[in-house]
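So the structure is just underneath, and the comments pick up after that.
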Amino acid sequence: MDPEKKEAEHFLELIRKSKKGKFKIYIGMSAGVGKTFRMLQEAHALLRNGIDVKIGYIETHGREETQALAEGIPEIPRRSSFYKGKNLEEMDLQSIINSHPEVILVDELAHSNIEGSKNKKRWQDVLEILDNGINVISAVNIQHIESLNEEIKKITGIEVSERIPDKILGLADELVNIDLTADELLTRLKEGKIYKKEKIQTALQNFFQSGHILQLRELALKEVAAHVEKKVETEIRTENFKPVKFLACISSNGKIAKNIIRKTARLASYYNSPWTVLYIQRPSESLEKIALDKQRYLINNFNLAQELGAKVIRVKNNSVHKGILEYVVEHNITTVCMGKPHARFWQRIFGYSWIYTLMNRLNERQIDIIILS
């Protein structure tokens with residue numbers, strides 16, 4: 001049996017087992033690996049099995065092979081909106097829910113909806129579709145994963161603005177990596193199968209460099225491997241299993257806090273574990289005293305943490321280490337994540353005594369400490 005047919009039949013089996021909407025995501029290292037093409041192949045296989053499949057939104061990017069494969073699959077018309085002097089098209093969420101097909105294809109999972117839409121993001125539309133008992137097949141590139149944002153920026157030099165929370169991948173019943181070697185992807189690009197000819201040279205000089213592709217490929221492979229491991233662990237856990245619970249300790253330093261949040265999110269995602277972001281508010285940072293820019297950074301980081309699936313806690317305490325320790329003990333935290341102390345600052349204000357005290361107390365209770373750079 002060929003791989004495409006086997007994948008379609010496996011998803012079909014998932015559909016038959018439950019009335020709840022099932023969620024399948026095709027993930028890849030970059031544009032052009034064939035995610036949309038594979039979605040359409042699966043749709044044809046499901047149609048041959050008598051399943052009611054419709055296109056909710058497919059982006060062909062003008063690729064002839066992809067456009068040809070989309071033919072013959074029923075499509076729910078997009079809705080039109082006039083925005084900033086242009087007539088734009090969006091996926092019609094309400095029409096999909098009203099039509100209620102067994103399976104809907106939704107491409108570009110990280111897409112931001114135009115202003116005036118019910119939801120800001122397409123992934124939020126997908127959650128609503130799933131809640132209505134409709135099965136979804138979707139696609140996303142690895143660079144759109146929120147907790148990988150800083151790592152992607154380091155690799156490519158580009159900050160990706162459209163992102164999805166890691167928890168969305170965690171909700172997937174199936175996560176399938178569409179993998180190509182760097183050479184295969186570059187060959188597709190040079191043959192004009194990804195972008196039009198006038199864009200090829202620019203792409204080769206920027207995003208589509210061999211070194212970038214290899215690193216992105218590794219990230220995509222790791223993401224799917226971690227997803228499979230979590231599924232296995234979930235199925236074999238015993239009553240004696242002690243779950244890992246992460247605590248990310250942040251300050252009002254916006255940049256460091258954001259880094260701690262994203263890295264802890266990755267760890268929690270890998271271990272399929274609950275996690276909390278804790279901010280200890282000392283008297284000097286009360287609402288009456290804290291600078292407005294620091295307040296804004298805190299709020300933005302709290303929102304980021306919640307998007308990534310964390311519970312956010314703000315505790316007032318004169319002592320940072322006592323506040324952290326009390327929370328850890330009360331909530332059975334197993335792993336504490338915090339930023340690396342900055343020598344000059346901490347020596348000048350507190351010395352190192354508080355952080356050493358905290359580490360000793362956590363060590364006494366056999367609680368793991370991860371210092372994030």
Side-chain angles (χ1 to χ4, degrees), residues 146-147 149-150 165-167 241-373:
E146 177 64 63
S147 67
N149 182 254
E150 291 299 322
D166 294 52
K167 66 181 179 181
F241 179 82
K242 185 183 179 182
V244 178
K245 294 173 73 175
F246 288 95
L247 179 69
C249 301
I250 67 167
S251 69
S252 56
N253 185 310
K255 188 174 181 180
I256 293 174
K258 185 185 288 187
N259 191 43
I260 292 169
I261 289 167
R262 283 190 168 135
K263 288 189 175 182
T264 307
R266 292 297 296 165
L267 289 166
S269 176
Y270 181 81
Y271 286 96
N272 196 27
S273 303
W275 64 295
T276 302
V277 168
L278 176 66
Y279 165 62
I280 304 297
Q281 184 186 75
R282 291 178 291 111
S284 61
E285 290 190 338
S286 64
L287 291 177
E288 298 79 22
K289 296 179 180 179
I290 191 170
L292 286 175
D293 60 335
K294 286 191 174 182
Q295 281 192 48
R296 187 169 63 252
Y297 291 143
L298 274 171
I299 292 168
N300 289 341
N301 284 327
F302 290 162
N303 290 337
L304 172 64
Q306 287 173 330
E307 267 199 9
L308 290 171
K311 180 166 70 172
V312 175
I313 301 295
R314 186 198 299 242
V315 172
K316 294 180 181 179
N317 201 309
N318 293 331
S319 167
V320 173
H321 85 267
K322 284 181 182 177
I324 293 172
L325 190 61
E326 286 171 7
Y327 190 89
V328 165
V329 172
E330 185 179 347
H331 294 87
N332 299 313
I333 299 297
T334 64
T335 308
V336 173
C337 300
M338 57 199 307
K340 183 168 64 176
H342 289 267
R344 240 180 253 172
F345 176 78
W346 290 115
Q347 281 177 337
R348 189 173 71 249
I349 306 298
F350 299 111
Y352 276 117
S353 60
W354 80 268
I355 197 143
Y356 286 137
T357 301
L358 175 63
M359 287 181 172
N360 287 333
R361 297 291 179 271
L362 293 175
N363 188 51
E364 287 168 6
R365 295 178 176 275
Q366 295 186 316
I367 293 162
D368 294 326
I369 308 162
I370 299 176
I371 302 297
L372 300 169
S373 59

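- The closest side-chain heavy-atom distance from Tyr327 to Val336 is not below 4.5 Å.
- Across all non-hydrogen atoms, the minimal contact from Asp166 to Arg266 is OD2-NH1, 3.3 Å.
- Heavy-atom contacts from other residues, nucleotides or ligands closer than 6.0 Å to OH of Tyr297 number 12 or fewer.
- Among pairs with a residue in residues 284-295, those fulfilling side chain to side chain donor-acceptor pair (under 3.5 Å) read Ser252-Glu285, Tyr279-Glu285, Arg282-Ser284, Ser286-Glu288, at least two apart in sequence or across chains.
- Note that CZ of Arg365 is 13.0 Å distant from CD1 of Ile333, once rounded to the nearest 0.5 Å.
- Qualifying side-chain contact (heavy atoms from CB on, under 4.5 Å) partners for Ala305, counting only residues two or more places apart in sequence or in other chains: Ile261, Val277, Ala310, Val312.
- We find the OG1-CG distance between Thr335 and Asp368 to be 4.5 Å, quoted to the nearest 0.5 Å.
- Under the side-chain hydrogen bond (donor to acceptor under 3.5 Å, both in side chains) criterion, Asn149 pairs with Arg262, sequence neighbours left out.
- Annotation: the span from Ile367 atom CD1 to Lys245 atom NZ amounts to 11.0 Å, rounded to 0.5 Å.
- Ile280 is not listed as a side-chain neighbour of Cys249, based on a closest heavy-atom distance of 4.5 Å or more.
- Between atom CG of residue Leu304 and atom CD1 of residue Ile299 there is a gap of 14.0 Å, rounded to the nearest 0.5 Å.
- Among residue pairs with one or both ends in residues 299-317, none qualify as side chain to side chain donor-acceptor pair (under 3.5 Å); sequence neighbours excluded.
- In this structure, CD on Glu150 lies 9.0 Å from NZ on Lys263, to the nearest 0.5 angstrom.
- In this structure, His331 NE2 and Leu247 CG are separated by 9.5 Å, a value rounded to the nearest 0.5 Å.
- Minimum interatomic distance between Ala265 and Ser147 (heavy atoms only, all atoms of both residues): CB-CB, 4.1 Å.
- Remark: Leu267 engages Phe246, Cys337, Ile370 in a side-chain contact (heavy atoms from CB on, under 4.5 Å) (not counting sequence neighbours).
- Taking every heavy atom of both residues into account, Glu146 and Leu308 meet most closely at CG-CD2, 3.2 Å.
- Every residue two or more places apart in sequence or in another chain was checked for a side-chain hydrogen bond (donor to acceptor under 3.5 Å, both in side chains) with Thr264, and none qualifies.
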